[in-house]
Amino acid sequence: MNRNAEMDDSSLWRNARLATLREDLGPLGIIEKGAVAVRGGRIVYAGAEDDLPSDLSPADQVIDCEGRWMTPALIDCHTHLVHGGNRAREFQLRLEGATYEEIARAGGGIVSTVKATNALSVEELVAAALPRLDALLLEGVSTVEVKSGYGLNIDAELKMLRAARQLERLRPVRIVTSYLAAHATPPEYKGRNADYIDDVVLPGLSQAHAEGLVDAVDGFCEGIAFSPAEMARVFDGARAIGLPVKLHAEQLSNLGGAKLAASYGALSADHLEYLDADGAAAMAKAGTVAVLLPGAFYTLRETQLPPVETLRTAGTRIAVATDCNPGTSPLTSLLLTMNMSATLFRLTLEECLAGVTREAARALGILQETGTLEAGKSADLALWNIEAPAELIYRIGLNPLSERVFKGERIAR
Ligand code: DI6
Ligand code: FE
């Protein structure tokens, strides 16, 4: 991946068709014949070229987009990108009939990735994650959320978060971290979730926070993981140090996790196949974004669809993400994620595109900074070789990215 040697102080992107994703401009926030002016890495104008204030033109660099479509750079708001090993063998076993829950209860699943992750150094974790990160970036992604959760002891959880932060220094990308020690119970704490929370999850959170490694606190609320009451203790810990929360909820059953998350003002509740109307309403009221993860739905051959119509009726915001993880979603393509969201979940074009831009930014609490083409935000842009936005969600396996811009800097494909 090449980076331009020098960062131009000012640039002007003209002759573009903009899908700004600004809600006040109607579906996709489209501006035909648009221009985007950038100063010091930030958007100072995104609108009709005809209305461009004269002091913003010329610029150090003027780029003729030749009528190409521009969107905000894409955001993957739910990944487990940093981890050791892979679970191809488990995939093979599932092909022979084993279920995800059976594998998890037999000590496979998450726990096998925990072993592989514990065995690696920070540098090795970074090296393992980079190809996955690069795959995302090549499709126009500029922000990636990365969770811990395969360490399950304090040192290894911190190691994962340090690796995640390191990625930001090695690539032109914004990394947002989530502390997910409450992902699974390690074998040495089997049947003793409360002790695991006391000994590892909460003290590890304090340490990680003290080192500036945590942007939010996550958990896996499920029969095979943590109960709502247990998650509430973790969330109390997050609240005590002023960190926002989010939750893997209602993925395999309905335990009321989404409602719990909403009661803590969570940024998002994720998965949600088994969510009920009560949970959707509680999320809408709290402003908690529903993050749908079609890669896990697909990989697990889930048949229970997330209640999309219920979410729409409730007015719950919807984002979509890869859930990139070695067990249930070995997926490193947001374009394919959008296609799956459309075909499997019947999300509209607007929902798919907003789901990887504006709503994904909202789910990470960074909508002020990125996620739409709007003056004041970071100049995180994606330019596409397409005739219409629907092509972004329609094709399977074609990457039409022309170029990506991160904080005003042009990144060659
Ligand atoms: N839900 C998931 O789909 C992943 N984690 C989670 O809480 C699966 C993690 C794994 O199987 O490794
Ligand atoms: Fe996940």
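Below, each value reflects all heavy atoms present in this structure, side chains not excepted, and no hydrogens, waters or symmetry copies. Whatever order the structure lists them in is the order used to number ligands and atoms, beginning at 1.
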>> Give me the nearest non-hydrogen protein atom to atom 5 (N) of ligand 1 as residue plus atom name, then the distance to 0.1 Å.
In response: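 For this ligand atom, the closest protein heavy atom is H183 NE2, 2.8 Å.
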> Nearest protein heavy-atom contact for atom 8 (C) of ligand 1: which residue, which atom, what distance?
Replying inline: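 Among all protein heavy atoms, the one nearest atom 8 (C) of ligand 1 is Y100 OH, 3.2 Å.
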> So, does T113 sit close enough to ligand 1 that a heavy atom of it is under 4.0 Å from the ligand?
Replying inline: no
> What protein N, O or S atoms come within a distance below 2.8 Å of the Fe ion (ligand 2), ordered by chain and number?
Replying inline: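 Within the sphere that stays under 2.8 Å of the Fe ion (ligand 2), the protein atoms of type N, O or S are H78 NE2, H80 NE2, H248 NE2, D323 OD1.
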Please list, chain by chain and in numerical order, all residues satisfying ring-ring contact (aromatic ring centres under 6.0 Å, His included) with [X], sequence neighbours excluded.
X    : answer
Y189 : Y196
Y274 : none
Y298 : none

Over 12 foreign heavy atoms within 6.0 Å of [atom1], [X]:
X    : atom1 : value
E387 : CD    : no
K159 : NZ    : yes
R192 : CZ    : yes

Below 4.0 angstrom from a heavy atom of [X], which ligand 1 atoms are there? Numbered from 1 as shown, please.
X    : answer
H248 : 1 (N), 6 (C), 7 (O)
Q251 : 1 (N), 2 (C), 3 (O)
H271 : 1 (N), 2 (C), 3 (O)
Y150 : 9 (C), 10 (C), 12 (O)

> Under the side-chain hydrogen bond (donor to acceptor under 3.5 Å, both in side chains) criterion, do S112 and R89 qualify, and how do the steps go?
Replying inline: CA-CA 11 Å; S112 68; R89 169 72 187 148; over 6 Å; no
Close side-chain approach of [X] and [Y], heavy atoms under 4.5 Å:
X    : Y    : result
H78  : K147 : yes
T337 : P294 : yes
F226 : V234 : no

> Quick one: does ligand 1 sit under 4.0 Å from the side chain of L293, the backbone, both or neither, non-hydrogen atoms only?
Replying inline: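 Looking at L293 and ligand 1, no heavy atom falls under 4.0 Å.
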> Aromatic rings H80 and Y150: how do their planes relate, parallel, tilted or perpendicular, breaks at 30° and 60°?
Replying inline: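 Answer is tilted, since the angle falls between 30° and 60°.
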> Is T328 in polar range of ligand 1, meaning some N or O pair under 3.5 Å apart?
Replying inline: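 Between T328 and ligand 1 (N or O atoms, distance only) the closest approach is under 3.5 Å.
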>> I want to confirm something. Looking only at heavy atoms, which of H80, R87, H83 is nearest to atom 11 (O) of ligand 1?
In response: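 Ranked by closest heavy atom to atom 11 (O) of ligand 1, first place is R87.
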